[in-house]
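Below: the structure, in structure tokens.
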Amino acid sequence: MIAQQLVNGLMLGAIYVLVAVSFTLSIGILNFLNFSIPGLFMVGGMVTWILIGKGLHWSLAVLGAIAAAGLVALAVERLSYRRSQAREPEVPLVSSLGFLVLLENLALVGAGSDQQAFPALVPDFNLRIAGLVIGGAQLISLAVALALVVAISLVLSRTSLGRQVRSIAENRETAVILGIDVGRLVPAIFLLSAVVTALGGVLFALNYLQVSPFMGEGVGFKGVAAMILGGMGSIWGAVVGGLLIGLTEVLSITYLGADVVNVTVYGLLLAVMVLRPQGLFGRPPAREKL
């Protein structure tokens with residue numbers, strides 16, 4: 001039933017939305033493609049699993065995972081972004097990729113390379129609406145993703161803090177001249193990105209009941225694709241891009257087979273880039289007048 005597959009695709013897309021929004025916050029505001037984000041996604045899932053295994057209540061385990069991801073994000077900001085800021089843009093990109101490799105290998109040493117079973121924290125209940133079946137964990141994931149995106153969008157558009165953040169995105173030097181405390185806001189942006197990404201990792205584990213040291217890689221690539229598809233720098237573009245990627249993946253598996261998933265997903269990205277290089281909601285680059 002195609003309607004059921006559309007529902008499943010939207011639910012999967014909610015996970016991609018969170019990762020795409022994290023990449024959007026990083027590159028849209030700081031002009032920094034933070035490749036440690038897939039590692040933060042893994043930290044969210046793996047640390048929650050570890051802490052639950054230690055006997056902590058799931059709520060404390062999730063908070064601990066978010067705190068761990070936040071500490072890693074601050075380390076990336078201090079050791080990668082801040083130290084490489086005046087150098088070529090490829091330098092912080094490569095150093096953030098080093099953090100991803102480090103995090104994955106630390107998890108590999110601590111937990112092994114096998115996928116680990118994640119406990120079912122949400123009761124096994126399904127909503128049945130007009131013949132469609134929606135899992136409880138899926139519904140929670142979609143609600144959390146949309147609530148976070150709405151909250152971030154409102155903060156950026158309607159608060160003084162949001163105006164300061166947008167001024168940094170427009171022109172960092174001008175923001176400094178205007179007296180905006182860039183040194184305080186940049187770590188806050190890294191922390192926000194870490195919270196969103198870690199929650200994505202927790203929700204992924206909650207839905208698929210498994211975690212592994214490399215769980216962030218595939219999702220990270222899909223998150224970047226969703227960000228580019230929606231338009232780099234657009235929060236709601238990242239939402240649309242993530243949902244489209246989720247729908248494309250599920251429909252491909254259902255009607256074409258799992259072997260061609262990446263062909264269809266990245267083929268969609270390529271087609272959009274050819275027809276609309278700035279993405280669905282992106283703005284074309286402004287041209288300077290002579």
Side-chain angles (χ1 to χ4, degrees), residues 15-47 65-66 68-109 113 152 168-169 172 186-205 211-235 237-238 241-242 245 262 265-266 269-270 273 279 282:
I15 305 296
Y16 296 148
V17 163
L18 293 177
V19 179
V21 167
S22 297
F23 276 113
T24 299
L25 290 172
S26 179
I27 199 167
I29 298 172
L30 304 175
N31 196 29
F32 171 48
L33 186 56
N34 185 1
F35 269 117
S36 70
I37 285 176
L40 298 175
F41 184 90
M42 179 271 296
V43 167
M46 288 291 293
V47 172
I66 292 173
L71 290 175
V72 173
L74 289 177
V76 174
E77 189 275 333
R78 180 60 60 91
L79 300 177
S80 176
Y81 177 78
R82 185 177 300 188
R83 291 182 178 273
S84 307
Q85 198 173 341
R87 305 176 68 179
E88 294 297 323
E90 293 82 5
V91 175
L93 185 152
V94 173
S95 59
S96 69
L97 183 60
F99 271 95
L100 170 60
V101 176
L102 175 63
L103 290 170
E104 288 180 339
N105 281 275
L106 286 174
L108 187 65
V109 171
S113 60
I152 291 171
I168 295 175
R172 187 187 184 97
V186 169
I189 294 168
F190 271 86
L191 279 175
L192 176 60
S193 180
V195 170
V196 173
T197 308
L199 279 174
V202 173
L203 293 174
F204 180 90
V211 293
S212 74
F214 304 104
M215 61 185 282
E217 287 190 358
V219 176
F221 284 124
K222 301 284 177 54
V224 172
M227 174 191 66
I228 298 172
L229 184 64
M232 295 174 66
S234 171
I235 295 290
I245 294 292
N262 288 335
V265 168
Y266 296 110
L269 175 62
L270 179 60
M273 290 297 95

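Everything numeric in this text was worked out from a predicted model, so none of it was measured. Any value given below was found using the heavy atoms of this structure, including those in side chains, with hydrogens, waters and symmetry copies removed.
- Expressed to the nearest 0.5 Å, how far CG of N34 lies from OG1 of T197 amounts to 8.0 Å.
- The two residues L269 and L229 come nearest to each other via the heavy atoms CD1-N, 3.9 Å.
- I15 places a side-chain heavy atom less than 4.5 Å from the side chain of F41.
- A heavy-atom distance below 4.5 Å is not found between the side chains of E104 and P38.
- Note that the CE atom of M227 and the OG atom of S234 stand 11.5 Å from one another [nearest 0.5 Å].
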Self-check item: side chain to side chain contact (heavy atoms under 4.5 Å, CB included) assessment of S193 paired with I37
Solution: CA-CA 8 Å; S193 180; I37 285 176; 3.9 Å; yes

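- Between M273 and I228 there is a side-chain heavy-atom pair separated by less than 4.5 Å.
- Contact record, P187 with R82: CG-NH2, 3.9 Å, taken as the closest heavy-atom pair.
- V195 pairs by the side-chain contact (heavy atoms from CB on, under 4.5 Å) definition with I66, L199, not counting sequence neighbours.
- At least one donor-acceptor pair closer than 3.5 Å links the side chain of S96 to the backbone N or O of F35.
- Across all their heavy atoms, G242 and V17 have their closest contact at CA-CG2, 4.0 Å.
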Quiz item: Can you check side chain to side chain contact (heavy atoms under 4.5 Å, CB included) on L40 and V76, steps first, answer last?
Solution: CA-CA 11 Å; L40 298 175; V76 174; 6.0 Å; no

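- With sequence neighbours left out, A238 forms a side-chain contact (heavy atoms from CB on, under 4.5 Å) with A20, V21, T24.
- Between A194 and A69, the shortest heavy-atom contact is CB-O, 3.6 Å.
- Side-chain atoms of S26 never come within 3.5 Å of backbone atoms of S22 as a donor-acceptor pair (strictly under, hydrogens ignored).
- Closest of all the heavy-atom pairs between F99 and S80 is CE1-CB, 4.2 Å.
- Ring-plane geometry between F190 and F32 is classed as tilted, the angle between the planes lying from 30 to 60 degrees on a 0 to 90 degree scale.
- With sequence neighbours left out, L102 forms a side-chain contact (heavy atoms from CB on, under 4.5 Å) with L106.
- Around atom OH of Y266, more than 12 heavy atoms belonging to other residues, nucleotides or ligands sit under 6.0 Å away.
- To the nearest 0.5 Å, atom CG of residue L100 and atom CG of residue N105 are 9.5 Å apart.
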Practice problem: Please lay out, stage by stage, how F221 and N262 fare under the test side chain to side chain contact (heavy atoms under 4.5 Å, CB included). | Solution: CA-CA 10 Å; F221 284 124; N262 288 335; over 6 Å; no

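- Atom CD of E77 and atom CG of L30 lie 8.5 Å apart (nearest 0.5 Å).
- Atom CD1 of I189 and atom OH of Y81 lie 8.0 Å apart (nearest 0.5 Å).
- Atom CE of M232 sits about 8.0 Å away from atom CG of N31, to the nearest 0.5 Å.
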Practice problem: Under the side chain to side chain contact (heavy atoms under 4.5 Å, CB included) rule, what do I235 and L25 come out as? Steps first, then yes or no, please. | Solution: CA-CA 8 Å; I235 295 290; L25 290 172; 4.0 Å; yes

